[in-house]
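Hydrogens, waters and symmetry mates are skipped; everything else that's a heavy atom, side chains included, is used.
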Protein chains: 2
Amino acid sequence: MAQIKNNYQFEDMLQKHNLKKTGPRLRVLSMMYSKNTATSQPDLESVMNDIDRVTLYRILNVFEEKGIIHKVFDLNGTANYAVCHSNCQENHHHDEHLHFNCTACKNVYCLNELNMPRLNLPSGFEAQSFTLYASGLCPKCSKKQAAKVN
Amino acid sequence: MAQIKNNYQFEDMLQKHNLKKTGPRLRVLSMMYSKNTATSQPDLESVMNDIDRVTLYRILNVFEEKGIIHKVFDLNGTANYAVCHSNCQENHHHDEHLHFNCTACKNVYCLNELNMPRLNLPSGFEAQSFTLYASGLCPKCSKKQAAKVN
DNA sequence: TTACAAATGCAACAATATTGTATTTAGAAA
DNA sequence: TTTCTAAATACAATATTGTTGCATTTGTAA
Ligand SMILES: [Mn+2]
Ligand SMILES: [Mn+2]
Ligand SMILES: [Zn+2]
Ligand SMILES: [Zn+2]
């Protein structure tokens with residue numbers, strides 16, 4: 001689980017970032033903090049189907065700008081959003097961790113505990129940030145598969 | 001440059017993969033082999049604007065299936081395509097290298113020479129493939145920037 | 001040369017994302 | 001508390017990217 005937080009803490013988060021406390025924003029925050037996987041845009045939209053699509057896009061964008069969440073594309077190129085755990089600042093993210101795409105359940109996991117390995121690029125390339133992607137089976141799905149085989 | 005190849009070689013490639021030699025396919029091959037960066041779908045479409053959009057999508061898909069090209073999403077989530085250099089087979093790619101996104105010129109470079117570092121995942125995760133993304137300045141753009149500063 | 005599967009072109013549609021603007025609302029100020 | 005306003009939301013229109021079905025054309029094997 002990302003981090004258990006209650007509604008007061010979400011309100012504080014919004015306040016700290018000079019964002020008004022609104023229902024849609026609190027609900028998006030609460031949903032994203034309640035999961036240990038990233039949230040796909042389509043998923044978010046179907047769960048919050050009473051909130052206007054455009055509003056959701058704008059909430060996601062402002063949260064990303066503020067350093068509250070970061071965007072990660074899964075293997076099909078669909079946008080997923082996950083809470084930042086790296087003390088990201090406004091317009092200055094540092095979410096340099098592994099993103100694991102489960103090919104079975106399609107969930108995207110942020111493996112924050114895994115540091116990025118240092119590596120030296122070919123001469124001339126100046127990297128500012130790194131992200132590592134992996135795909136395969138997540139713990140749940142690999143267990144399921146093992147069970148099937150038996 | 002990916003590899004200099006002439007039209008006869010492209011025809012051979014198609015034949016080897018049991019694909020008919022057609023104008024659109026040869027042109028796509030030729031374009032992608034003439035560059036050392038990946039080709040974005042929008043770019044491809046605007047350059048080959050006399051070929052139907054759907055045909056281009058189908059060419060890209062069949063080339064990917066056959067192991068001729070691989071897809072890589074850039075930092076904005078747009079699809080880019082690059083020729084495979086890892087002896088990829090039909091439905092079995094192994095393009096595990098670094099993809100460098102230049103934030104200035106927006107080009108995507110496949111740095112095939114860079115092997116993926118080994119890393120151990122948290123227990124339970126079973127990775128089948130890895131891709132590393134980096135963003136920053138490519139050699140050309142970092143030179144330009146250095147020139148400006150002076 | 002013929003025949004036919006494969007490839008292309010075209011039309012329709014679906015999904016995702018952006019822009020502009022009217023309306024509503026959170027929160028500051030009176 | 002009430003008033004006021006910038007910020008946020010809702011709604012409409014449009015853009016971009018990708019898919020599906022089918023008619024037509026074409027590469028190639030016989
Ligand atoms: Mn992440
Ligand atoms: Mn590549
Ligand atoms: Zn899974
Ligand atoms: Zn560049």
Should A:F100 and B:L121 be marked as a side chain to side chain contact (heavy atoms under 4.5 Å, CB included) after you check the CA-CA gap, both sets of side-chain angles, and the distance that decides it? CA-CA 10 Å; A:F100 190 94; B:L121 299 179; 3.8 Å; yes
Starting at atom CG of A:L26, determine the distance to atom P of C:dA26, rounded to an integer number of angstrom. 11 Å
Between B:D95 and B:K71, does at least one N-O distance fall below 4.0 Å, as a salt bridge requires? no
Is the distance from the ring center of A:H99 to that of A:H70 below 6.0 Å? yes
Strand contacts (DNA chain D) in residues 11-21 of chain A, 4.0 angstrom heavy-atom criterion: A:L19, A:K20
Taking the six-membered ring where the residue is Trp, are the ring centres of A:F10 and A:Y33 under 6.0 Å apart? yes
Starting at CG of B:L29 and ending at P of C:dA7, how long is that distance when rounded to a whole Å? 13 Å
With a 4.0 Å limit, can you tell me whether A:T22 has a side-chain N or O closer than that to the phosphate oxygens OP1/OP2 of C:dA26? no
Find the distance B:L56:CG to C:dG9:C1' and express it as a whole number of Å. 12 Å
Please tell me whether B:S40 and B:T78 have a donor and an acceptor in their side chains that are separated by less than 3.5 angstrom. no
With a 4.0 Å cut-off on N to O distance, would you call B:R27 and B:D50 a salt bridge? yes
Separation of D:dA8 atom P from A:M48 atom CE, nearest Å, is 18 Å
Does the side chain of B:T55 come within less than 4.5 Å of B:R58's, by heavy atoms? no
The contact string for nucleotides 14-21 of chain D, one letter per nucleotide 5' to 3', using protein heavy atoms under 4.0 Å with B, S and - for base, sugar-phosphate only and none, comes out as ---BBBBB
Length of the line joining B:D52:CG and C:dA12:P, which is rounded to integer Å: 14 Å
Looking only at the side chains, is there a donor atom on one of B:Q41 and B:E45 sitting less than 3.5 Å from an acceptor on the other? yes
Using every non-hydrogen atom in the two residues, find where A:Y133 and A:V72 come nearest and quote the distance to one decimal. OH-CG2, 3.4 Å
Nucleotide D:dT25, atom C1' - distance to CD1 of B:I51 in whole Å: 15 Å
Atom pair distance, as rounded to whole Å: CD in B:E65 and P in C:dA6: 13 Å
Report the residue (B:G23 or A:D50) whose heavy-atom-nearest nucleotide on DNA chain D is the more 5′ of the two. A:D50
